[in-house]
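I have a structure here, written as structure tokens, and I will follow up with some questions on it.
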Amino acid sequence: MPLLTIHGPPSTFMPSLLSDLTARLAPLTDTPALDASVLIAHILDKSRTWILAHPELTLSAGQQAQLEESTRRLERGEPLPYVLGHWEFFGMDFNITPDVLIPRPETELLVEKAIAWLQKFKVPRTVADVGTGSGIIAITIAVNIPNARLLATDISPAALQVAQHNARKYHVLDRIEFIACNLLPDPSKIANPETKIDLLCANLPYIPTETLHNLPVYRREPTLALDGGADGLDLFRKLLRLAPAWMAPNSLILLEIESTLGAQTLHLARSTFPHAEICLHKDLSGLDRLLEIGL
Ligand SMILES: C[S@@+](CC[C@H](N)C(=O)[O-])C[C@H]1O[C@@H](n2cnc3c(N)ncnc32)[C@H](O)[C@@H]1O
């Protein structure tokens, strides 16, 4: 269906353009008006508020073609952030591709706790972000804690490329060591094999396999970023087994969790670290979202 000829030439002006696109996106999303304005703003390389304040705007032929192509991608089921190629997290703009998870606002809770904890120290701390994906956790920490040194790991080399691109964009590439490995690296493979971690952060795949297969997100974002195994806890078990050898004295572990798995992750953490201070934090929706383990 051609987007811009529904009402003839006047639909090229911004209010009609927005309402036509909103109508076309309505079957695809709960927020069609927002998505329409975000997409048009992206194509014009302007802010949403700017395009809403300029009703006289029209699109060039090239921009119209680009809008039509992007709309077709959405109609084929691609998530808007992949069509845009970037997404906002913690007030910053991250490049993303279908190789990485789309940043979620819930993960800001982990980053807030991490930054608040790191701000208490004057001496540089070593932080690990396990399963870094697009790099949002490592990079927001590096930007906000200028003396932090970081390790960022992922099993997906394609994801690490995206993360490195984002680190370069935010001028923190020199402080983050990116490593392709299964959770934590062989110490001999990193710059300083003696490294101990002061803060370990991870937003690992945590959706139980069967649950995932029934979610709309299945096959729209990388399964490698979502599938937590039969009970959702496979990678938590493995990481908690590896962690003791890596953690410095008085260190902290912050793990984002699936909201229904609070009790199980608490139990797992208590059996691995019987003497640690362990608690769960809720997200803005009041759901269990973050496991904190103080060693
Ligand atoms: C839920 S995504 C989180 C990405 C990013 N940290 C974020 O918060 O948006 C999980 C990430 O863990 C990575 N991953 C999955 N299994 C892994 C493993 N065994 N070792 C390291 N990374 C893994 C995936 O490739 C994916 O990038």
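All heavy atoms count here, side chains included; hydrogens, waters and symmetry mates do not. One-based numbering, in listed order, for ligands and for the atoms of each. Throughout, numbering of the chain's residues begins at 1 and tracks the sequence.
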**Check against side-chain hydrogen bond (donor to acceptor under 3.5 Å, both in side chains), Asn95 and His86** = CA-CA 4 Å; Asn95 282 44; His86 61 103; over 6 Å; no
**Arg24 bridged to Glu75 by N-O distance under 4.0 Å** =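 A salt bridge links Arg24 with Glu75.
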**Asked** Which atoms from ligand 1 have a heavy atom of Leu224 less than 4.0 Å away?
**Response**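 Within the 4.0 Å cut-off of Leu224, ligand 1 contributes 15 (C), 24 (C), 25 (O).
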**Prompt:** Quick one: does Asn182 get a heavy atom under 4.0 Å from ligand 1?
**Reply:**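 The answer is yes, since Asn182 has a heavy atom less than 4.0 Å from ligand 1.
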**Prompt:** Which residue holds the protein heavy atom closest to atom 1 (C) of ligand 1, what is that atom called, and what is the gap in Å?
**Reply:**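 Answer, as residue, atom name and distance: Ala225 O, 2.9 Å.
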**Prompt:** Got more than 12 heavy atoms from elsewhere within 6.0 Å of CZ, Arg237?
**Reply:**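 Yes, CZ of Arg237 has more than 12 neighbouring heavy atoms, counting only those of other groups under 6.0 Å.
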**Asked** Other than Leu284, which residues form its hydrophobic cluster under the rule that side-chain heavy atoms must be closer than 4.5 Å?
**Response**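 None; Leu284 is a cluster of one.
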**Asked** With atoms numbered from 1 as shown, which atoms in ligand 1 lie under 4.0 angstrom from a non-hydrogen atom of Thr107?
**Response**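 With Thr107 as reference, the close atoms of ligand 1 come out as 8 (O).
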**Prompt:** For ligand 1, is there an atom lying under 4.0 Å from some heavy atom of Ala202?
**Reply:**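 The answer is no, since Ala202 has no heavy atom less than 4.0 Å from ligand 1.
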**Message:** Do the side chains of Asp283 and Arg104 get close enough for a salt bridge, i.e. N-O under 4.0 angstrom?
**Reply:**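 Arg104 and Asp283: not salt-bridged.
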**Message:** Using the rule that Ile, Leu, Val, Met, Phe, Trp and Tyr join whenever any side-chain heavy atoms are under 4.5 Å apart, tell me whether Leu200 and Leu252 fall into a single cluster.
**Reply:**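 No: no chain of side-chain contacts under 4.5 Å links Leu200 to Leu252.
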**Prompt:** Is Glu277 atom CD crowded by more than 12 heavy atoms from other residues, nucleotides or ligands, each under 6.0 Å away?
**Reply:**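 No, CD of Glu277 has 12 or fewer neighbouring heavy atoms, counting only those of other groups under 6.0 Å.
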**Item:** Non-hydrogen atom of Ser134 closer than 4.0 Å to ligand 1
**Value:**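 No.
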**Message:** Going by the closest heavy atom to atom 3 (C) of ligand 1, which one wins out of Asp227, Asn203, Ile102, Ile96?
**Reply:**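 Nearest heavy atom to atom 3 (C) of ligand 1 lies in Asn203.
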**Request:** Tell me which one of Asp154, Ile155, Leu160, Leu239 gets a heavy atom nearest to atom 24 (C) of ligand 1.
**Result:**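 Residue with the shortest heavy-atom distance to the ligand atom: Asp154.
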**Atoms in ligand 1 with a heavy atom of Ile136 nearer than 4.0 Å** =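 Near Ile136, the atoms of ligand 1 are 7 (C), 8 (O), 9 (O).
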**Request:** Could I get the full list of side chain to side chain contact (heavy atoms under 4.5 Å, CB included) partners for Asp227, not counting sequence neighbours?
**Result:**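 Asp227 satisfies side chain to side chain contact (heavy atoms under 4.5 Å, CB included) with Thr209, Leu212, Thr223 only.
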**Message:** Distance under 4.0 Å to a non-hydrogen atom of Leu235: what atoms of ligand 1 satisfy this?
**Reply:**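 Counting atoms of ligand 1 from 1, those under 4.0 Å from Leu235 are 16 (N), 19 (N).
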**Protein heavy atom at shortest distance from atom 20 (N) of ligand 1** =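 Looking only at protein heavy atoms, the one closest to atom 20 (N) of ligand 1 is Leu183 N, 2.8 Å.
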**Item:** Gly131 neighbourhood, listing ligand 1 atoms whose heavy-atom distance to it stays under 4.0 Å
**Value:**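 Close to Gly131: 3 (C), 4 (C), 5 (C), 6 (N), 11 (C), 12 (O), 13 (C), 22 (N).
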**Asked** Considering only heavy atoms, does Thr132 approach ligand 1 within less than 4.0 Å through its side chain, its backbone, both, or neither?
**Response**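 Only the backbone of Thr132 comes within reach of ligand 1.
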**Prompt:** Taking it one step at a time, do Leu280 and Leu290 satisfy side chain to side chain contact (heavy atoms under 4.5 Å, CB included)?
**Reply:** CA-CA 6 Å; Leu280 283 175; Leu290 184 67; over 6 Å; no
**Request:** Output the list of atoms in ligand 1 that are nearer than 4.0 Å to some heavy atom of Cys181, sorted by atom number.
**Result:**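 That gives atoms 20 (N), 21 (C) of ligand 1.
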